[in-house]
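Here is the structure we will look at, set down as structure tokens.
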Amino acid sequence: QVQLVESGGGLVQPGGSLRLSCVVSGSIFSIYVMGWYRQAPGKQREMVASITRGGTTNYADSVKGRFTISRDNAKNTVYLRMNSLKFEDTAVYYCHTIGGSYWGQGTQVTVSS
């Protein structure tokens with residue numbers, strides 16, 4: 001079975017930073033394009049960032065310049081570094097294997113003063 005285990009969510013002040021991590025097990029990590037998605041109550045889930053095995057990245061306009069996605073294929077891990085956080089970044093963040101359609105359990109990120 002493929003499992004995605006996330007960590008790093010929490011409460012942060014506006015302008016602060018967090019780094020989310022997602023460890024993938026039960027499959028060959030290197031075959032996947034990886035993504036981070038988020039969903040706030042009453043809103044649709046949206047893609048925040050994605051990264052190919054070779055390191056090509058893509059970002060939503062709302063986070064471009066503030067968030068950075070990266071991966072360590074040797075550790076089967078994908079990261080999301082979030083800087084300059086805003087109130088509107090508050091959501092549950094999900095790790096996703098885009099090719100295999102597997103999801104993590106989600107981790108709550110709350111930006112509050």
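The first residue in the sequence is number 1, and the count goes up from there.
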Quiz item: Between S17 and N83, which heavy-atom pair has the shortest distance, and what is it?
Solution: OG-OD1, 2.8 Å
Quiz item: So which pairs with a foot in residues 52-91 pass disulfide bond (SG atoms under 2.5 Å apart), sequence neighbours left out?
Solution: none
Quiz item: Testing R38, R45, M47 for side-chain contact (heavy atoms from CB on, under 4.5 Å) with Y94, which one passes?
Solution: R45
Self-check item: Residues which pass side-chain hydrogen bond (donor to acceptor under 3.5 Å, both in side chains) with S70, listed by chain and number, not counting sequence neighbours
Solution: none
Quiz item: With sequence neighbours left out, what residues match R19 under side-chain hydrogen bond (donor to acceptor under 3.5 Å, both in side chains)?
Solution: none
Practice problem: Calculate, to the nearest 0.5 Å, the distance between atoms SG and CE belonging to C22 and M34 respectively. | Solution: 5.0 Å
Practice problem: Under the side chain to side chain contact (heavy atoms under 4.5 Å, CB included) rule, collect the residues that match up with R66, sequence neighbours excluded. | Solution: V63, S84, K86, D89
Please list, one pair per line, the donor and acceptor atoms closer than 3.5 Å that link side chains of residues 106-113 to other protein atoms, with sequence neighbours excluded.
{"residue": "T107", "atom": "OG1", "partner": "G9", "partner atom": "N", "Å": "3.4"}
{"residue": "Q108", "atom": "NE2", "partner": "A91", "partner atom": "O", "Å": "3.4"}
{"residue": "Q108", "atom": "NE2", "partner": "T110", "partner atom": "OG1", "Å": "3.4"}

Quiz item: Between atom CZ of R81 and atom CG of L18, what is the distance when rounded to the nearest 0.5 Å?
Solution: 8.0 Å
In a table with atom names and distances, give each donor-acceptor pair under 3.5 Å that connects a side chain of residues 95-105 to protein atoms at least two apart or in another chain.
{"residue": "T97", "atom": "OG1", "partner": "Y102", "partner atom": "N", "Å": "2.9"}
{"residue": "T97", "atom": "OG1", "partner": "Y102", "partner atom": "O", "Å": "3.4"}
{"residue": "Q105", "atom": "NE2", "partner": "E6", "partner atom": "O", "Å": "3.4"}

Quiz item: If you group Ile, Leu, Val, Met, Phe, Trp and Tyr by side-chain heavy-atom gaps below 4.5 Å, do V23 and L80 land in one group?
Solution: no
Exercise. Count the heavy atoms belonging to other residues, nucleotides or ligands that lie under 6.0 Å from CD of Q13, then report whether that count exceeds 12.
Key: no
Exercise. Return the set of residues passing side chain to side chain contact (heavy atoms under 4.5 Å, CB included) with Q3 (not counting sequence neighbours), or none when no residue passes.
Key: Q1, S25
Exercise. Any disulfide bond (SG atoms under 2.5 Å apart) involving residues 29-58? Give me the pairs, sequence neighbours left out, ordered by first then second residue.
Key: none
Quiz item: With K64, which residues qualify under side chain to side chain contact (heavy atoms under 4.5 Å, CB included), at least two apart?
Solution: Y59, D61
Quiz item: Please, which pairs that meet side chain to side chain donor-acceptor pair (under 3.5 Å) have at least one residue in residues 47-58, sequence neighbours excluded?
Solution: none
Quiz item: Under a 4.5 Å side-chain heavy-atom rule over Ile, Leu, Val, Met, Phe, Trp and Tyr, are Y37 and L85 clustered together?
Solution: no
Exercise. Name all residues meeting the side-chain hydrogen bond (donor to acceptor under 3.5 Å, both in side chains) criterion together with D72; count only those two or more places apart in sequence or in a different chain, and write none if there are none.
Key: none
Quiz item: For the atom pair CG (N76) and CG (L4), what is the distance rounded to the nearest 0.5 Å?
Solution: 10.0 Å
Quiz item: Quick one: ring pair (Phe, Tyr, Trp, His ring centres under 6.0 Å) pairs with a partner in residues 60-91, sequence neighbours left out?
Solution: none
Quiz item: Does the pair M82 and V12 meet the rule for a side-chain contact (heavy atoms from CB on, under 4.5 Å), with working shown?
Solution: CA-CA 11 Å; M82 303 181 292; V12 65; over 6 Å; no
